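Notes to accompany the following structure.
Note that these values count all heavy atoms, side chains included, but never hydrogens, waters or copies made by symmetry. Note that the structure is predicted; figures quoted are calculated from it, not measured.
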Amino acid sequence: MSLIPIRPGAQPGAGRAAGRAAESERRDAARNRELLLCAAREIVEESGADALTMDRLAQRAGVGKGTVFRRFGSRAGLMLELLSGAEAEFQGRFMFGPPPVGPGAPPLDRLIAVGEARISWTLEFGELARAADTSVHNRFDVPPAVLWRRHLEMLLREAGVSADPWLMASALAAALEPELLLHTVRVHAVAPERLVETWRELVTRVVAGA
């Protein structure tokens with residue numbers, strides 16, 4: 001049996017101690033991250049998403065602003081992190097969930113259902129989504145936005161839409177932009193049911209004209 005040579009000056013067990021220290025540091029980092037996210041959610045609940053700044057979060061959490069920037073990179077990164085759980089849950093519904101939002105229903109039925117689900121999602125998480133949109137330099141290229149448009153494009157193709165389905169998907173996605181939906185509901189007092197019916201009419205006409 002060959003022995004692993006010990007470097008001069010190294011102490012037996014030093015590697016294990018370093019591993020334990022690294023693991024402890026990772027646990028501390030995860031705990032601090034969750035504490036910052038909890039503080040961020042509190043600010044949003046109390047004052048709205050626009051009130052969430054890196055300075056205010058640092059003050060609420062009792063840490064330096066540099067700590068917040070190291071953890072999230074930017075305000076956009078913070079907003080996307082706050083949204084990640086809700087966005088992942090929604091993605092799971094349309095990718096793997098039961099029909100008609102998930103696979104198994106006819107493409108038009110899925111288009112109608114996924115739009116209705118997105119409207120409901122936006123009315124619940126729209127403040128964060130809107131704030132994330134305004135914080136991100138190119139919000140149309142972040143992974144959740146790209147996946148959402150690709151999904152709409154796939155359903156359009158399955159429904160037989162051949163007239164530039166990628167651009168058509170972008171146009172349909174624009175109709176469900178958080179800022180537009182929130183403005184329509186809050187400023188113009190449009191009921192969510194009207195939004196759903198309009199979406200149904202829109203996608204039905206698009207598919208019928210294919």
* Structure fact -> Separation between CD (E179) and OG1 (T122), nearest 0.5 Å, reads 12.0 Å

* Knowing that exactly one of V196, V114, T198 qualifies, which makes a side-chain contact (heavy atoms from CB on, under 4.5 Å) with I119? -> V196

* Asked: Measuring from L181:CG to W121:CH2, what's the distance to the nearest 0.5 Å?
  -> 11.0 Å

* Asked: Considering only heavy atoms from C-beta outward, does the side chain of H183 approach that of V187 to under 4.5 Å?
  -> yes

* Structure fact -> Heavy-atom nearest pair, L36 first then A61, reads CD2-CB, 3.5 Å

* Asked: Going by the salt bridge (charged side-chain N to carboxylate O under 4.0 Å, His left out) test, which pairs reach into residues 181-190, not counting sequence neighbours?
  -> E127-R186

* side chain to side chain donor-acceptor pair (under 3.5 Å) against R150, all qualifying residues, sequence neighbours excluded -> none

* Closest heavy-atom contact between P178 and A129? -> CG-CB, 3.7 Å

* W199 side chain vs A113 backbone, donor-acceptor pair below 3.5 Å -> no

* To do: Mind checking side chain to side chain donor-acceptor pair (under 3.5 Å) for E42 and listing every partner two or more places apart, or none if nothing turns up?
  => R60

* Give, for atom CD of E116 and atom CG of L195, the distance between the pair rounded to the nearest 0.5 Å. => 11.0 Å

* Asked: Can you pull the salt bridge (charged side-chain N to carboxylate O under 4.0 Å, His left out) pairs that have at least one residue in residues 80-102, sequence neighbours excluded?
  -> R33-E81, E87-R118

* To do: Kindly give the heavy-atom pair with the smallest separation between L156 and P165, and that separation in Å.
  => CD1-O, 3.7 Å

* Pairwise distance CG(L37) to CZ(F72) - rounded to 0.5 angstrom -> 4.0 Å

* Which other residues end up in the same hydrophobic cluster as L35, if Ile, Leu, Val, Met, Phe, Trp and Tyr are linked when side-chain heavy atoms come under 4.5 Å apart? -> none

* To do: Flag the pair L123 / P192 as yes when at least one side-chain heavy-atom distance between them is below 4.5 Å, and no otherwise.
  => yes

* Of all the heavy-atom pairs spanning A51 and S47, show the shortest one and how long it is. => CB-CB, 3.5 Å

Pairs under 3.5 angstrom only: tabulate donor-acceptor contacts from the side chains of residues 200-208 to other protein residues two or more places apart or in another chain.
residue: E201; atom: OE2; partner: R205; partner atom: NE; Å: 2.6
residue: E201; atom: OE2; partner: R205; partner atom: NH2; Å: 3.0
residue: T204; atom: OG1; partner: R200; partner atom: O; Å: 2.6

* Asked: Going by distance alone, is a donor N or O of one side chain under 3.5 Å from an acceptor N or O of the other, for R56 and T53?
  -> no

* **Side-chain heavy-atom pair P103, M95 within 4.5 angstrom cut-off** => no

* With the side chain counted from C-beta on, respond yes when N32 and V63 share a heavy-atom pair under 4.5 Å apart, and no when they do not. => no

* **For D55, all residues meeting salt bridge (charged side-chain N to carboxylate O under 4.0 Å, His left out), sequence neighbours excluded** => K65

* Would you please name every residue forming a side chain to side chain donor-acceptor pair (under 3.5 Å) with E153, sequence neighbours left out? => R157

Can I get a per-line list of side-chain donor-acceptor pairs under 3.5 Å for residues 170-177, giving both atom names and the distance, sequence neighbours left out?
residue: S170; atom: OG; partner: W166; partner atom: O; Å: 3.3
residue: E177; atom: OE1; partner: R139; partner atom: NH1; Å: 2.5

* Asked: With E193, which residues qualify under side chain to side chain donor-acceptor pair (under 3.5 Å), at least two apart?
  -> none

* **Closest non-hydrogen atom pair, R110 against L155** => NH1-CD2, 3.9 Å

* Asked: If you round to the nearest 0.5 Å, how far is CG of L83 from CG of L128?
  -> 5.0 Å

* **Over 12 foreign heavy atoms within 6.0 Å of CZ, R41** => yes

* **Within residues 35-66 or reaching into it, pairs that qualify as ring-ring contact (aromatic ring centres under 6.0 Å, His included) - sequence neighbours excluded** => none

* ILVMFWY cluster, F90 and M154 together (side-chain gap under 4.5 Å) -> yes

* Asked: If you round to the nearest 0.5 Å, how far is CG of L111 from CD of E158?
  -> 9.0 Å

* **side-chain contact (heavy atoms from CB on, under 4.5 Å) assessment of D50 paired with R130** => CA-CA 9 Å; D50 289 338; R130 182 187 59 77; 3.1 Å; yes

Under 3.5 Å, which donor-acceptor pairs link side chains of residues 142-149 to any protein atom two or more places apart or in another chain?
residue: R149; atom: NH1; partner: F140; partner atom: O; Å: 2.8
residue: R149; atom: NH2; partner: F140; partner atom: O; Å: 2.8

